[in-house]
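Every value quoted in this text rests on a predicted model; they were computed, and no experiment measured them. Protein chains get the first letters and strands the later ones, always in sequence-line order, with residue 1 at the start of each.
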Amino acid sequence: MARRSVARSLLNNLLSNKLEPCSRITASRSVTYMPRPGDGAPRAVTLIPGDGIGPLVTEAVEQVMTAMHAPVYFEKYDIRGDMKQVPQEVIDSIRRNKVCLKGGLKTPVGGGVSSLNVQLRKELDLYASLVHCSNLPGLPTRHENVDIVVIRENTEGEYSGLEHEVVPGVVESLKVITKFCSERVAQYAFEYAYLNNRKKVTAVHKANIMKLADGLFLESCREVATKYPGIKYNEIIVDNCCMQLVSKPDQFDVMVTPNLYGNLVANTAAGIAGGTGFMPGGNVGAGHAIFEQGASSGNVGNEKLLDQKKANPVALLFSSAMMLRHLQFPSFADRLETAVKRVITEGKHRTKDLGGHNTTQEVVDAVIAVLD
Amino acid sequence: MASQILRRVAQSNSSGILSSPANHHHSSFLPALIRTFSSTTPITATLFPGDGIGPEIAESVKQVFKAADVPVEWEEHYVGTEIDPRTQSFLTWESLESVRRNRVGLKGPMATPIGKGHRSLNLTLRKELNLYANVRPCYSLPGYKTRYDDVNLVTIRENTEGEYSGLEHQVVRGVVESLKIITRTASLRVAEYAFHYAKANGRERVSAIHKANIMQKTDGLFLKCCREVAEKYPEITYEEVIIDNCCMMLVKNPALFDVLVMPNLYGDIISDLCAGLVGGLGLTPSCNIGEGGIALAEAVHGSAPDIAGKNMANPTALLLSSVMMLRHLNITDKADRIQNAIISTIAEGKHRTADLGGSSSTTDFTNAICDNL
């Protein structure tokens with residue numbers, strides 16, 4: 001509540017001062033970033049275009065990076081979603097560079113192939129997945145004031161991949177929850193809230209039914225919450241959470257969830273904020289980070305989008321801005337975000353998921369044109 | 001495969017849906033067919049008014065049914081105050097027997113007493129009556145404006161197994177395992193019901209919701225069963241949607257979906273999400289289908305002890321659930337009349353209870369519905 005009225009008075013201030021439209025969006029930085037000598041040396045970033053619309057959107061990012069002269073160069077590797085496992089050279093490259101940008105890897109449904117996305121996360125121990133869902137000016141949605149960050153445990157839970165057939169016609173799947181993993185993702189969530197000036201962390205669970213498993217998750221969250229007394233903490237059952245998300249989404253700030261619920265909540269939150277084509281996200285671990293389109297839904301393999309080259313590059317552009325900040329190039333990140341937001345606000349170049357007819361390339365050109 | 005199913009069915013004592021593919025249409029509805037044959041003789045139905053606002057909204061239902069001349073006689077049962085040793089819960093054996101005998105029931109909100117040594121009330125009902133499918137139609141009520149105006153879908157959720165089997169254990173300190181079980185029989189049962197429901201209610205599309213790209217064997221088995229049943233209904237379109245894609249599509253464009261069939265956990269989340277789209281649990285009907293054609297309609301909202309006895313409660317959920325019960329009994333003309341009366345009363349906007357933004361009491365609202373019949 002307080003946040004909204006503060007924002008409104010800020011907006012009134014800005015409007016009354018009649019600032020330029022460009023700086024109205026940035027709210028001009030008065031903080032100067034003082035780099036260490038040598039920080040401007042180009043950093044290597046592993047790039048995995050992936051399959052489906054992946055190559056289209058990563059190409060968009062490459063073009064924009066070149067146009068900005070960002071100190072980043074990409075090491076490209078070609079992986080397809082139906083490979084048996086991630087090639088060792090790709091993993092070595094990510095271990096070396098510490099940062100990776102990924103387009104999208106489509107996992108075949110029901111086949112014998114384990115998901116490559118899950119494999120990457122397990123190998124590199126990327127234990128937290130983050131999706132930032134917020135309303136963008138110029139993007140029509142049914143809900144206002146959405147600004148939710150969903151932090152999801154990424155390695156265990158329902159996606160452990162431990163299934164077996166007991167007798168023909170009866171299949172069991174194990175959901176594993178450990179204190180170690182729950183604690184570290186709760187720690188990351190609170191730390192994120194602290195460093196990004198967020199006021200509330202909500203834990204999403206179903207502990208009334210799965211008393212031991214989700215109960216353990218909640219216990220870990222509660223312990224970490226006591227170490228951050230300045231941040232409010234509450235808990236919500238996952239079905240109630242989804243219901244509240246579609247009716248009153250402004251009550252949520254940062255959400256921390258186990259693996260499966262996080263997937264659903266992130267996609268729901270992305271949907272109410274404007275669609276998965278716009279939400280940035282990434283996977284982070286102790287030593288590495290992979291940035292990708294935030295809430296991935298089924299569109300990676302969407303053939304029609306691919307043929308007509310109408311995939312939406314905005315999500316990956318925002319994710320690459322997050323990546324630039326992670327690499328400590330904040331002004332490039334700001335420039336990129338400002339340019340993309342301006343293109344969306346102007347509304348003249350829209351891809352198919354926004355109801356427009358522009359191709360990916362046209363959107364990218366528009367972004368490059370407004371880069372300053 | 002079919003012979004295996006027949007053998008398993010012959011071994012278990014459950015009748016009905018799986019007796020043979022050719023009969024499945026008729027076996028679950030034989031009791032109902034017998035009923036409609038003599039639609040003037042009253043049908044007995046069990047009524048559990050429940051706690052909190054339960055008794056008031058149950059009164060509303062009785063009043064509306066009487067005004068509409070519905071041939072239903074109520075057999076009321078209350079939750080006891082002591083644990084019945086035969087059922088290990090506060091629900092008595094007589095209550096359960098009554099539902100088994102009458103084959104239909106209506107249940108108000110029940111507050112599960114906190115404590116140990118007994119099973120939760122919902123769990124007791126589910127296990128004893130073998131309620132395997134939970135059906136929730138969600139449609140936008142004209143006149144009650146939410147952000148979504150064009151919702152018209154039905155969620156059908158498998159109710160007995162999946163992630164809610166309750167099988168958890170601590171492996172070592174700090175490591176907990178929870179089992180998710182999917183069986184062919186349960187998946188086939190719910191898929192059969194879903195397609196049958198779609199056909200009986202004129203629905204064109206059934207979507208199976210899953211996460212089989214990650215949980216390949218469990219959700220894969222569920223999908224296989226759905227595909228098998230889909231082949232028997234060529235006139236109904238069948239599609240499969242991954243759950244995260246489904247959530248996103250539901251909040252962006254709920255008109256894309258028609259009938260959704262899903263395993264237990266996804267069903268829980270998606271059905272509550274859909275309830276949120278149309279205005280919350282206070283307006284959502286729900287019906288549990290059991291083996292042998294048992295139908296237990298229920299109101300899924302809580303017992304709201306804070307407004308109990310104040311004549312403020314909104315009876316819409318229980319009324320719409322009773323309409324579902326009537327449809328199951330094939331008394332469709334009365335069901336339509338009552339449903340239209342409810343919708344037009346809400347649409348008029350003159351009589352609305354507090355949770356819909358109005359100030360009418362429960363009795364005023366009920367009287368308005370009776371007038372609109």
Side-chain angles (χ1 to χ4, degrees), chain A residues 106-115 118 142-143 158-159 161 163-166 168-180 206 209-216 238-247 260-261 263-268 270-272 275-276 295-299, chain B residues 1 4-5 8 146-148 163-164 166 168-171 173-185 210-224 240-252 265-266 268-277 279-281:
Chain A
K106 179 171 152 75
T107 314
V109 171
V113 184
S114 87
S115 162
V118 175
R142 289 185 173 104
H143 300 83
E158 296 83 349
Y159 293 7
E163 301 177 297
H164 70 118
E165 189 172 51
V166 185
V170 179
V171 185
E172 261 180 14
S173 169
L174 283 173
K175 161 179 168 168
V176 181
I177 301 267
T178 58
K179 193 164 172 62
F180 176 63
K206 188 81 187 174
I209 306 280
M210 290 191 257
K211 300 187 169 89
L212 287 181
D214 287 350
L216 182 57
V238 62
D239 42 10
N240 192 14
C241 170
C242 285
M243 207 165 17
Q244 298 294 326
L245 268 175
V246 293
S247 38
L260 177 67
Y261 312 144
N263 197 357
L264 303 187
V265 169
N267 275 283
T268 310
I272 58 175
T276 51
S296 59
S297 60
N299 266 342
Chain B
M1 232 359 109
Q4 264 185 339
I5 300 172
R8 234 175 258 144
T146 57
R147 293 188 178 100
Y148 299 88
E163 296 83 347
Y164 293 1
E168 305 179 286
H169 70 117
Q170 181 168 283
V171 184
R173 254 193 70 139
V175 180
V176 174
E177 263 181 10
S178 170
L179 284 174
K180 162 179 169 168
I181 311 220
I182 301 268
T183 57
R184 205 179 152 72
T185 30
H210 65 97
K211 188 80 185 169
N213 49 349
I214 305 283
M215 292 192 260
Q216 288 158 0
K217 295 206 177 99
T218 36
D219 286 350
L221 177 59
F222 182 80
L223 281 185
K224 242 194 298 189
E240 297 169 359
V241 186
I242 301 187
I243 175 118
D244 38 1
N245 204 7
C246 168
C247 280
M248 213 262 306
M249 284 156 68
L250 268 175
V251 294
K252 290 208 83 182
L265 176 69
Y266 311 146
D268 193 3
I269 299 177
I270 299 280
S271 55
D272 276 3
L273 204 157
C274 296
L277 293 176
L281 291 178

Most contacts with chain B, counted as non-hydrogen pairs under 4.5 angstrom, among A/Gln244, A/Lys211, A/Lys179, A/Met210: A/Met210
From A/Asp239 atom CG to B/Ile269 atom CD1, the distance as rounded to the nearest 0.5 Å: 7.0 Å
Closest-packed option against chain B by number of heavy-atom pairs under 4.5 Å, given A/Ala270, A/Ala266, A/Gly215, A/Gly275: A/Gly275
From A/Leu216 atom CG to A/Thr178 atom OG1, the distance as rounded to the nearest 0.5 Å: 7.5 Å
Side chain, backbone, both or neither of A/Glu158 within contact of chain B (heavy atoms, under 4.5 Å): both
Side chain proximity check, B/Ile270 to B/Cys247, heavy atoms < 4.5 angstrom: yes
Pairing of A/Lys175 and A/Asp214 as salt bridge, 4.0 angstrom limit: yes
Choice from A/Thr268, A/Leu264, A/Asn240, A/Ile272 maximising heavy atom contacts with chain B below 4.5 Å: A/Leu264
Contact class of B/Lys224 relative to chain A, heavy atoms under 4.5 angstrom: neither
Most contacts with chain B, counted as non-hydrogen pairs under 4.5 angstrom, among A/Leu212, A/Leu174, A/Val176: A/Leu212
Under 4.5 Å from a heavy atom of chain B, the part of A/Leu260 involved: side chain
Option in B/Leu265, B/Ile181, B/Ile182 with maximal non-hydrogen atom pairs under 4.5 Å from chain A: B/Ile182
B/Lys180 side chain reached by B/Asp219 side chain, heavy atoms, under 4.5 Å: yes
Residue B/Leu221 versus chain A: region with a heavy atom under 4.5 Å: side chain
Part of B/Leu250 lying under 4.5 Å from any heavy atom of chain A: neither
Backbone N/O of A/Ala213 and side chain of B/Glu168: donor-acceptor pair under 3.5 Å: yes
Reported CD-to-OG1 distance for the pair A/Glu172 and B/Thr218, which is rounded to 0.5 angstrom: 10.5 Å
